[in-house]
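Throughout, a chain's letter reflects where its sequence line sits, starting with A, and its residues are numbered from 1.
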Amino acid sequence: MGQIIGVWIAAGLTLMIFSFLYKDNPFYKFAEHVYVGVSAAYTCFYTWDYFLMPKLINPLLQHHWLVIIPGIFGAMMLTRWFPRSAWVSRWPIAVSVGVASGLVVVQYMQGFVIPQIQNTLLPIAGPAVTFNNPITNLWNHPLNNLIIIVGTVTTLVYFYFSKKHKGFIGGTAKVGIIFIMVAFGASFGYTVMARISLLIGRIHFLINDWLLPLFRSLTH
Amino acid sequence: MSIWERMSKVDRRIIYLLLSLVVIIPIVFRIPSTIAVSESAQMAYDAVDRLPAGTPIIFSTDFDPASMPELRPMMTAVLRHAFKKKLKVIMMGHWPTGIPLSTIILEEVAQEFKAEYGVDYINIGYRPGAGLVMIQMGREIRSVFDIDIQGNPLDSLPMMRQVHNYSDIGLIACFEAGAMGDIWVIYAWGRFGVNIIMGTTAVVTPDAYPYLAARQIEGLIGGMAGAAAYEKLVEHPDKAMIRMSSQAWAHILIIVFIIIGNIGYFMMRRAERIKKRGTV
């Protein structure tokens, strides 16, 4: 019974949200507000259960007094609500920014920038060194390396603004724009695919989990 | 309004109606579609398939119910593969709102394979901090996940007794609706060299390809098409394969509308040019 009620609520809220396709209406507004309210309540519960309890309250109850320091820093963040003492929140922000920067700078170089640069340093001719999969030979096509090299260089030239985009630099930048547009096109195509997938998921739910069982229960 | 103008400004309600029809009809009449297995999905499958039985594999739930239509079938298919291969599944996540969802998926698939909690799989849930959590897991998983989602200490679970950090993990399968996949690659692969496969929503897929090209990840399952390909590879047709027919027809419809819109636009431009020439 609980599951049936759940399915009816989900189906009702889905249809309320879909009603926006026609025009804004009170049913859509109701569903939107329910979503915001439920999300906020869920976030509050998770913040308490997964942040404050295991990381602050429980260690304090077990007399691990060191957690008082991050606890005080966390409490200092709350001073942002009061204009007179808002400056106090800059200290914990400074700590967060410092720690995050230290971590990110090193890790991005090690885990992102260097491997990606390495992958661009390819021989112009010959098969790609990145893949050797026998299923399709698309990845192994000799032109791939050339495309990657030309695409990377021309795109970098496009983002070089210290000289006017005229003559050789202008021409190279124009080639770079073509690569950028192809990347935008691929991203847009994938985005359309994702949005259609979401629509299909909802319609699949409405038909298989809501309408078909309803139809079966009415006919039997 | 001329025919060209009408073609370039089709009423959005007509588009909605036709799109609904091409989505609903294949689902209702179960119209099959051909699923082509992409090389990136095959590579992900091979990465899981290479692992010997008993190897721990981490599943990271980095999505929420909003991305469920794409990532739920994908995670289900990879979980089926893992349980079929008798791998030890460790479920976790960096999106708190995804944990209840992945718990449902894990329990469903575990039941299908009669897997036992604590012996064949565990669920350690969520801890805040993402990058810091990943770094600490590289040293000792217990330093961040001291208990599982049910409150059991990790050492009390038989499959975790020998598992301490990434060197005991065969593979990380992360399912991404945002940028958490980048963080997995940058922190877990970059610092510890752990093998990763990524399952992504279609929106995220183009951003993940550079990692595959640089072999920073072992495979990539992109969008619903990737999920359908994985279902085909594990020989267990399910939701993604059923939905791919609607997806294909919807894409055809969108392409048709793009062509119609462009014909209308260019013909209108041509008509305007001719009109201008006439007035000059």
Side-chain angles (χ1 to χ4, degrees), chain A residues 18 21-22 39 42-43 45-47 49-51 54-55 99-100 103-104 106-112 114-120 128-131 133 135-136 138-139 144 148 183-184 186-208 211-212, chain B residues 12-13 16 19-20 23-24 27-28 37-39 42-43 46 66-70 72 96-97 99 125-128 131-132 135 146-147 182-183 185-191 201-207 209-216 222-225 239 242-244 246-247 250-251 254:
Chain A
F18 277 178
L21 291 173
Y22 182 68
S39 299
Y42 197 78
T43 306
F45 155 74
Y46 256 85
T47 307
D49 221 40
Y50 283 90
F51 285 63
K55 294 289 169 192
V99 171
L103 272 173
V104 167
V106 176
Q107 273 316 123
Y108 263 71
M109 287 305 284
Q110 193 181 0
F112 183 75
I114 292 170
Q116 288 299 320
I117 291 173
Q118 272 175 341
N119 195 50
T120 319
V129 290
T130 48
F131 289 95
N133 199 312
I135 300 155
T136 66
L138 184 65
W139 289 105
N144 279 0
I148 290 171
F184 284 163
S187 274
F188 183 67
Y190 266 111
T191 305
V192 169
M193 182 172 152
R195 301 298 174 242
I196 295 293
S197 300
L198 299 185
L199 174 70
I200 294 168
R202 278 294 82 193
I203 289 180
H204 195 242
F205 161 76
L206 287 175
I207 292 172
N208 283 307
L211 284 177
L212 279 181
Chain B
R12 66 192 169 102
R13 282 167 298 189
Y16 292 151
L19 195 59
S20 304
V23 168
I24 292 168
I27 292 174
V28 173
V37 177
S38 65
E39 184 168 4
Q42 179 71 50
M43 287 164 79
D46 292 342
S67 314
M68 197 168 74
E70 287 179 281
R72 184 176 181 165
T97 42
I99 300 301
Y126 162 82
R127 290 289 182 278
L132 290 172
I135 291 172
D146 46 342
I147 52 170
D182 304 87
I183 301 174
V185 171
I186 289 161
Y187 288 95
W189 178 88
R191 184 174 279 211
T201 57
V203 175
V204 178
T205 306
D207 298 335
Y209 266 107
Y211 296 129
L212 186 70
R215 295 309 298 265
Q216 290 179 274
M224 201 185 281
K239 286 191 176 99
I242 294 167
R243 292 171 183 174
M244 271 313 285
S246 298
Q247 184 99 45
H251 285 190
I254 289 166

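Side chains of B:Tyr126 and A:Phe51 form a contact here, defined as non-hydrogen atoms less than 4.5 Å apart. For the pair B:Gln247/A:Ser197, a side-chain contact is recorded, criterion being any heavy-atom separation below 4.5 Å from C-beta on. Using a 4.5 Å heavy-atom threshold, the side chains of A:Tyr108 and B:Ile186 count as touching. Using a 4.5 Å heavy-atom threshold, the side chains of A:Ile196 and B:Leu19 count as touching. Counting heavy atoms from C-beta outward, A:Asn208 and B:Ile242 have side chains that stay 4.5 Å or more apart.
Ranked by non-hydrogen atom pairs under 4.5 Å with chain A, the options B:Met224, B:Arg191, B:Lys239 are led by B:Arg191. Between chain A and the residues B:Gly223, B:Gly222, B:Pro210, the most heavy-atom pairs under 4.5 angstrom are made by B:Pro210. Across A:Ala194, A:Ala100, A:Gly201, A:Ser187, the residue that shares the most heavy-atom pairs under 4.5 angstrom with chain B is A:Ala194. Here B:His251 is the residue among B:Met244, B:Arg13, B:His251, B:Met68 with the most heavy-atom pairs under 4.5 Å with chain A. With respect to chain B, the highest number of heavy-atom pairs below 4.5 Å among A:Gln110, A:Lys55, A:Gln107 belongs to A:Gln107.
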Evaluate the criterion side chain to side chain contact (heavy atoms under 4.5 Å, CB included) for residue pair B:Val203 and A:Arg195; output intermediate values, then yes/no. CA-CA 9 Å; B:Val203 175; A:Arg195 301 298 174 242; 3.8 Å; yes
Go through B:Thr201 and A:Leu198 one step at a time and tell me if the side chain to side chain contact (heavy atoms under 4.5 Å, CB included) criterion holds. CA-CA 10 Å; B:Thr201 57; A:Leu198 299 185; over 6 Å; no
Quick one, A:Tyr46 with B:Thr97, criterion side chain to side chain contact (heavy atoms under 4.5 Å, CB included). Give me CA distance, side-chain angles, the key distance, then yes/no. CA-CA 9 Å; A:Tyr46 256 85; B:Thr97 42; over 6 Å; no
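Heavy atoms closer than 4.5 Å to chain B are found in the side chain of A:Ile207, but not in its backbone. Using a 4.5 Å cut-off between heavy atoms, B:Ile147 does not touch chain A at all. With a 4.5 Å cut-off on non-hydrogen atoms, A:Asp49 does not touch chain B at all. The contact between B:Arg12 and chain A is made entirely by side chain atoms (from C-beta outward), counting heavy-atom distances below 4.5 Å. No part of B:Ile183 comes within reach of chain A, as not one of its non-hydrogen atoms sits under 4.5 angstrom from that chain. Heavy-atom distances place the backbone of B:Ala66, and not its side chain, under 4.5 Å from chain A. With a 4.5 Å cut-off on non-hydrogen atoms, A:Val104 touches chain B through its backbone and its side chain both. With a 4.5 angstrom heavy-atom cutoff, B:Tyr16 touches chain A only via side-chain atoms.
Within a 6.0 Å sphere centred on CZ of A:Phe188, other residues, nucleotides and ligands contribute 12 heavy atoms or fewer.
Heavy atoms only, all atoms of each residue included: A:Pro115 and B:Trp189 are closest at CG-CZ3, 3.6 Å. Between A:Gly111 and B:Gln216, the shortest heavy-atom contact is O-NE2, 2.5 Å.
Remark: A:Tyr190 engages A:Met193, B:Ala202, B:Thr205, B:Pro206, B:Tyr209 in a side-chain contact (heavy atoms from CB on, under 4.5 Å) (not counting sequence neighbours).
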